Amino acid sequence: MITTPLTADLLRGALDVESGAHGLVPHRLPAWARGRADAPLRMAESQPSGVRLVFRTRATVIELDALRTTRSYVGTPPRPDGVYDLLVDGRLTAQGGVGGGNTVHIDLSTGAARMEPGPPGTVRFDGLPGHDKDVEIWLPHNEITELIALRTDAPVSPSPVRGRVWLHHGSSISHGSDAASPVTTWPAVAAGLGGAELVNLGFGGSAMLDSFTARVMRDTPADLISVKIGINLVNGDVMRLRAFTPAVHGFLDTIRDGHPDAPLLVVSPIWCPIHEDTPGPGAFDVEALKSGVVRFRATGDPAERAAGKLTLRVIREELARIVAERADENLHYLDGRDLHGENDRPLPDNLHPDAATHRLMGERFAKLAFGGPFAAR
């Protein structure tokens, strides 16, 4: 077996790498932006949703050593183990996991967290075809991953970028929430169908119109750009309509400073009954937690909309107005309810789509975006 040094030129979808105690840690925000982020955003960006190892090789056996860090919520069922998806020439060929790893135990009622250390593990893929091929190993979208060693039975070399780069920003739904594996998150499904190279800046709980995120998007090379805005602003109850409108303009202006002519798609929230007409903040359903079930609820008062509190309906109306009024022929609007609407499968926890809905959302986005504003010119 040949050991190939793990370097940034083998990674796609990461905007930075950091040297960890054992190996290489991919990040989806550069170091300067991480320094401006709060703890939840730093946790989210360190989970490598959309990040993959990409190389060309004749290898029939591939082994990857990695140290994972997972989360466990006290009193709730164990979360599924992270999955490594192996693609050969663009086709999902095998899946696996590394086991072991560190576990962060979180008490949802108090917010207390405790780290339980664990050992690295190895995922192995064998029986692969022996011809020259493009190989992608998509890292788990919901675990922090420290890459330690890559071993193959034939040499590897970096593979060239073969499609347009699609830069996307959104919430936990874009991050992957309850998708079955990294290539089945809705952005990954859409990118595969659209033939695009995905850079996923979906950050669980942290799509807050942060100015440093807009600056990162401004400075990141991209051919296609989308921003999915709304749900975190409502369930975080972070601003009112007066602040929301200029914040959206500023976010779009900053992106445009670096990408003046790229297709830019503004996507409003998917259908989410608890926040359609009820403001945030959102909260865990304490009674459901007592039964070991994670479920969310809205705690605001619908009457507060008159004072400028945000709901999903208010946000959709305002985003549609902003896009329509800006003089930008390459700026487009997509109603999130066209990805998941009132007549689709219910959201199991009242907030996040399930695995089947992720696939459906990806298919719908590919049709609406890559068949529309993202279509090759």
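Quick note: numbers below take in every heavy atom, side chains included, and nothing from hydrogens, waters or symmetry partners. What you see is a predicted model; the values in this text were computed from it and never measured.
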In this structure, would [X] and [Y] fall into the same cluster of hydrophobic residues linked by side-chain contacts under 4.5 Å?
X    : Y    : value
L150 : L24  : yes
V165 : I225 : yes
L41  : V227 : yes
V248 : L201 : yes
L15  : I255 : yes

With the side chain counted from C-beta on, respond yes when [X] and [Y] share a heavy-atom pair under 4.5 Å apart, and no when they do not.
X    : Y    : result
S177 : H358 : yes
F203 : L29  : yes
R114 : V104 : no
I315 : L319 : yes
V83  : T184 : no
D85  : R52  : no
R36  : S211 : no
R256 : N330 : yes

Side-chain donor-acceptor contact under 3.5 Å, [X] with [Y]:
X    : Y    : answer
D354 : T357 : yes
D277 : T311 : no
N232 : S171 : no

Just how far is it from atom [atom1] of [X] to atom [atom2] of [Y], taken to the nearest 0.5 Å?
X    : Y    : atom1 : atom2 : result
W166 : F370 : CH2   : CZ    : 5.0 Å
N102 : E146 : CG    : CD    : 8.5 Å
L334 : F374 : CG    : CZ    : 9.5 Å
E318 : I229 : CD    : CD1   : 11.5 Å
E342 : I270 : CD    : CD1   : 13.0 Å
R71  : E143 : CZ    : CD    : 9.5 Å

Is any NZ, NE, NH1 or NH2 atom of the basic residue among [X] and [Y] found under 4.0 Å from an Asp or Glu carboxylate oxygen of the other?
X    : Y    : value
R326 : D253 : yes
K309 : D301 : no
E63  : R124 : yes
R295 : D349 : no
R151 : D65  : yes

Hey, does the side chain of [X] reach the backbone of [Y] with a donor-acceptor pair shorter than 3.5 angstrom?
X    : Y    : value
S268 : G336 : yes
R28  : Q47  : yes
N350 : F296 : yes
R42  : A37  : yes
D126 : V61  : no
D132 : R56  : no

Among M43, R68, H27, exactly one meets side chain to side chain contact (heavy atoms under 4.5 Å, CB included) together with I144. Which residue is that?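 The single option meeting the side chain to side chain contact (heavy atoms under 4.5 Å, CB included) with I144 is M43.
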For W186, run the ring-ring contact (aromatic ring centres under 6.0 Å, His included) check against H352, H168, H175 and tell me which one passes.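 So, applying the ring-ring contact (aromatic ring centres under 6.0 Å, His included) to W186 and each of H352, H168, H175, only H168 qualifies.
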Verdict with reasoning, L53 to L6, per side chain to side chain contact (heavy atoms under 4.5 Å, CB included): CA-CA 9 Å; L53 286 165; L6 287 164; 3.9 Å; yes
What heavy-atom pair brings [X] and [Y] nearest, and what distance separates the two atoms?
X    : Y    : value
A298 : P279 : CB-O, 3.9 Å
A59  : L128 : O-CB, 3.8 Å
L310 : V234 : O-CG1, 3.7 Å
L347 : W271 : CD1-O, 3.5 Å
G82  : N142 : CA-OD1, 3.8 Å
T299 : A283 : CG2-CB, 3.8 Å

